[in-house]
2 protein chains.
Amino acid sequence: MVGKLTIQDIARLAGVSKATVSRVLNAKPDVDPATRERILQIMQEQGFVPNVAASSLAGGRSRLIGVVIPPLTWPLITEILRGVSEVVEQSSYELLLYSVAHDLGDYEKNKGTVIDRILASHLASGLLAVYPGSSIPHLTKLYDQGFPVVIIDDRETPTHVPWVSADNQTGAAAATRYLLQLGHRRIAFIQGPLEYEVSLKRYQGFCEALKEAGLTPDPELVQQGNFMAKSGLPGAKQFFTMEKRPTAIFAGNDQMAYDVLEDAEAHGVRIPGDISLIGFDDIPSSAYTRPALTSVRQPFYEMGRRATELLLSQLDAPRPVPTSYYPAILPLAMQNTSANYLQLPTELIVRASCTSPR
Amino acid sequence: MVGKLTIQDIARLAGVSKATVSRVLNAKPDVDPATRERILQIMQEQGFVPNVAASSLAGGRSRLIGVVIPPLTWPLITEILRGVSEVVEQSSYELLLYSVAHDLGDYEKNKGTVIDRILASHLASGLLAVYPGSSIPHLTKLYDQGFPVVIIDDRETPTHVPWVSADNQTGAAAATRYLLQLGHRRIAFIQGPLEYEVSLKRYQGFCEALKEAGLTPDPELVQQGNFMAKSGLPGAKQFFTMEKRPTAIFAGNDQMAYDVLEDAEAHGVRIPGDISLIGFDDIPSSAYTRPALTSVRQPFYEMGRRATELLLSQLDAPRPVPTSYYPAILPLAMQNTSANYLQLPTELIVRASCTSPR
DNA sequence: CTGTTAGCGCATTCAG
DNA sequence: CTGAATGCGCTAACAG
């Protein structure tokens, strides 16, 4: 085990007081450069790592950032988390992971409580909320009270809490336009849960493009799913058994597009031969389906990165000098302070699941 | 924000001393039942949550468990993490996530340092190491010094640290037997990185089944990958361009099986028509490839759960005496090997990617 | 610029 | 069974 070094020890070795060591640890400006160097040197040599518990207790700030995420079954969470952890790793912070619940019902129910507990335990000094859904008002209150919060979401509720999202509507419109350009007129849509703004945004983008082309969305061609695996199956079956089938299906996310793929096989429908298919999210496995799925890529990784940088910039705002014992925070984080609201563009990834209708 | 309640406040409200409140908080036996009830009641009402920083500082134990994981790009990590977080959530602990690095090289290089930092910061009171690879000796030393550790891995190095793994060898043998039963004789294998015991175990299982059938592994039919996407491509190309092609390919994991799928298309090879294909891991997307991939399922979720349960049981019943120079004389807790080492069975998931050879 | 002094909130002695 | 006292390792006022 690593030796249990304290500030005390470093102070003794450097011939200074504990206070001075603490100062260089926290990058306070008023320390003699030479002394600072010497202390940093010794800390390096001895492999000193400050006791986080003690410093949060004493300082009230905890070098931990909490991440509240929906169930890890959503593949996209992985990508977001990857972006998050990559940035966190470069900083002096650590990641506290709160996976809220395992099904949608619980998720919505528990989120408020969980957030309260996170705060009350005084563990995290900042919060990154991924798709917080209904707790946005709660998070807003928090933020207004001075607690650093960043949201990754297509915000459901107007809020001034810093957020990062993807431009779902534009992305959906682009996908729909692509199908229209291929010549499709009967385009079906499988919607996500209506409680989520994302679902609406995508639907709006879909309608927007349709209207541009002089078409009206046909209610019969809109089915409901919930973004989870298997939830697109009923909708798919619906479309496949219709008298006048759609020539293309736009699934609200890739998971549900997979369901269409699966059900197509069962119904002897060839994709894209008989019906074209397009998804949303472009999760990694979509490159490997047969046919490979054309999809709208959300920049999850990038969203994770940017959101974390935003959060760090909030946390570090009071810190005047970046010359710390800890690795420097990425410069990007510093630049971000001006832009608290980021809507990142999506990208249409064209693969093999769409053709012109026969 | 949640009111900043302290033990002090609860004590005042209950008309007892802080010490007593602390006692019920930590479930000490020597408290008057009535008093305990009353205090619990008040804590409930007030929504009291102890300050974790303070309690770890004072008590030396931190209610946090650290999880060291390889890059989140590995899809299986998600499943493991899901199992882990589900168990953690049921406990009084929180999850500290350490994603070590983003590519294999860094991963191996940084792991030791990261682990040291985790320990030195006194944040985590237990460690769950997922595929720790070369740092097993390091973890073993830790464990011997009394720090609770559990490893999820097909342990590379013999160790007495509690671990959870899947039975890779048996799984690989089962897959190979399945191919043999279908009538295949020329079976190729795409191996994972040789540094990983998992790769060897799978290869051994492969050879084992071959030998049972009176066959010898043909070195020409064994190619090298590294478990990551695209790394199976060279091997696949090799097999497809051979004069006498194999009739079946066993990929060391699903990712590499995808590469075979991809390259088969490029070479006009039909799967399973011309060549059968089987993978290992059964990551979620394997159900959606075309043809759907037959694969050996690893119980990742279960592994995450069991490993966490193991760790928690260590934390709740800490070993009183660290093992010293005499590994032969182990504390009772460690002799209970039946519970400390779990090798969970895999399952062959038969889908559409294998047929009998023509 | 630097050292000294108080606590942060809790767990854990030790007396009662 | 319970209360009072001590200190975990560090930060944040203070003085110098």
Side-chain angles (χ1 to χ4, degrees), chain A residues 2-40 43 46 48-64 92 119-123 125 315 318-321 323-326, chain B residues 2-39 43 46 48-64 92 119-123 125 315 318:
Chain A
V2 174
K4 218 173 143 155
L5 283 176
T6 71
I7 274 197
Q8 183 85 266
D9 302 316
I10 303 297
R12 187 157 11 82
L13 289 170
V16 294
S17 71
K18 291 185 287 179
T20 306
V21 176
S22 170
R23 279 191 261 267
V24 344
L25 206 53
N26 296 286
K28 303 289 184 195
D30 43 3
V31 176
D32 178 78
T35 322
R36 176 194 302 275
E37 265 326 302
R38 188 156 38 92
I39 294 177
L40 283 171
M43 294 198 298
Q46 304 289 321
F48 171 75
V49 177
N51 181 319
V52 183
S55 78
S56 18
L57 182 57
R61 269 187 341 183
S62 85
R63 309 245 139 245
L64 293 184
S92 59
L119 297 173
S121 71
H122 286 262
L123 254 182
S125 55
L315 289 167
R319 264 173 42 174
V321 178
T323 338
S324 147
Y325 167 66
Y326 299 109
Chain B
V2 174
K4 215 174 149 154
L5 283 176
T6 71
I7 274 197
Q8 183 85 268
D9 302 315
I10 303 296
R12 190 159 7 82
L13 289 170
V16 294
S17 72
K18 291 185 288 178
T20 306
V21 176
S22 171
R23 277 191 261 268
V24 342
L25 207 54
N26 295 286
K28 301 290 182 194
D30 45 0
V31 176
D32 178 78
T35 321
R36 175 193 303 276
E37 265 326 300
R38 187 157 39 92
I39 294 177
M43 293 199 301
Q46 304 290 321
F48 171 74
V49 178
N51 181 319
V52 183
S55 78
S56 18
L57 182 56
R61 272 186 341 186
S62 84
R63 311 251 125 228
L64 294 184
S92 58
L119 298 173
S121 70
H122 286 261
L123 254 182
S125 55
L315 288 167

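A note on names: the letters A, B, ... follow the listed sequences, proteins ahead of strands, and every chain is numbered from 1.
- The residue A:Ser56 sits apart from the nucleic acid: no heavy atom pair falls under 4.0 Å.
- Rounded to a whole Å, the CZ atom of B:Arg38 is 13 Å from the C1' atom of D:dC1.
- Going from atom NZ of A:Lys18 over to atom C1' of C:dC1 covers 19 Å, rounded to whole Å.
- Rounded to the nearest 0.5 Å, atoms CG (B:Leu64) and OG (B:Ser125) are 6.5 Å apart.
- Side-chain atoms of B:Asp30 lie closest to D:dT2 of the nucleotides C:dA11, D:dA4, D:dT2.
- Put simply, CG on A:Leu25 is 14 Å from C1' on D:dA12, counting in whole angstrom units.
- Whole-Å rounding puts the A:Gln46 CD to D:dG9 P distance at 16 Å.
- Atom CG of A:Asn26 and atom C1' of D:dC10 are 9 Å apart (whole Å).
- Between the CD1 atom of B:Ile39 and the P atom of D:dG3 there is a distance of 8 Å, rounded to whole Å.
- At a threshold of 4.0 angstrom between heavy atoms, the contacts of B:Ile7 are confined to the sugar-phosphate backbone, with no base atom among them.
- At a threshold of 4.0 angstrom between heavy atoms, the contacts of A:Asn51 are confined to the sugar-phosphate backbone, with no base atom among them.
- Closest contact between the side chain of A:Phe48 and the listed nucleotides C:dC10, D:dT11, D:dC10 involves D:dC10.
- Using modelled atom types, no side-chain atom of A:Asn26 and backbone atom of A:Lys28 make a donor-acceptor pair closer than 3.5 Å.
- In this structure, B:Lys28 does not reach the C:dA11 phosphate: none of its side-chain N or O atoms is under 4.0 Å from OP1 or OP2.
- Contact annotation: B:Ser55 side-chain N/O to C:dC10 OP1/OP2 distance is not under 4.0 Å.
- A:Asp9 contributes no side-chain N or O that, together with a main-chain N or O of A:Leu5, makes up a donor-acceptor pair within less than 3.5 Å.
- Comparing B:Asp32 and B:Leu57 against DNA chain D, the residue whose closest nucleotide sits nearer the 5' end is B:Asp32.
- Judged by distance alone, the side chains of A:Ser92 and A:Arg63 do bring a donor and an acceptor atom under 3.5 Å apart.
- Note: A:Thr20 OG1 to A:Arg38 CZ = 9.5 Å, rounded to the nearest 0.5 Å.
- The side chain of B:Ser22 contributes no N or O atom lying less than 4.0 Å from OP1 or OP2 of C:dC10.
- Comparing B:Ala58 and B:Arg23, the nucleotide of DNA chain C nearest to each residue sits closer to the 5' end for B:Ala58.
- The side chain of B:Val31 lies closest to D:dT2, out of D:dT2, C:dA11, D:dC10.
- At a threshold of 4.0 angstrom between heavy atoms, the contacts of B:Val21 with the nucleic acid are absent.
- Taking atom CD1 of B:Ile10 as the reference point, atom P of D:dG3 lies 15 Å away to the nearest angstrom.
- The shortest distance between the side-chain N/O atoms of B:Thr20 and the OP1/OP2 oxygens of D:dC1 is not below 4.0 Å.
- Between the NE2 atom of B:His122 and the P atom of D:dC10 there is a distance of 9 Å, rounded to whole Å.
- Between C:dC10, C:dG3, D:dG9, one nucleotide has an atom nearer to the side chain of B:Ala54 than all others, and that is C:dC10.
- B:Arg36 and B:Ala27 make their closest contact through NH1-CA, 4.2 Å (heavy atoms, listed as atom of the first residue, atom of the second, distance).
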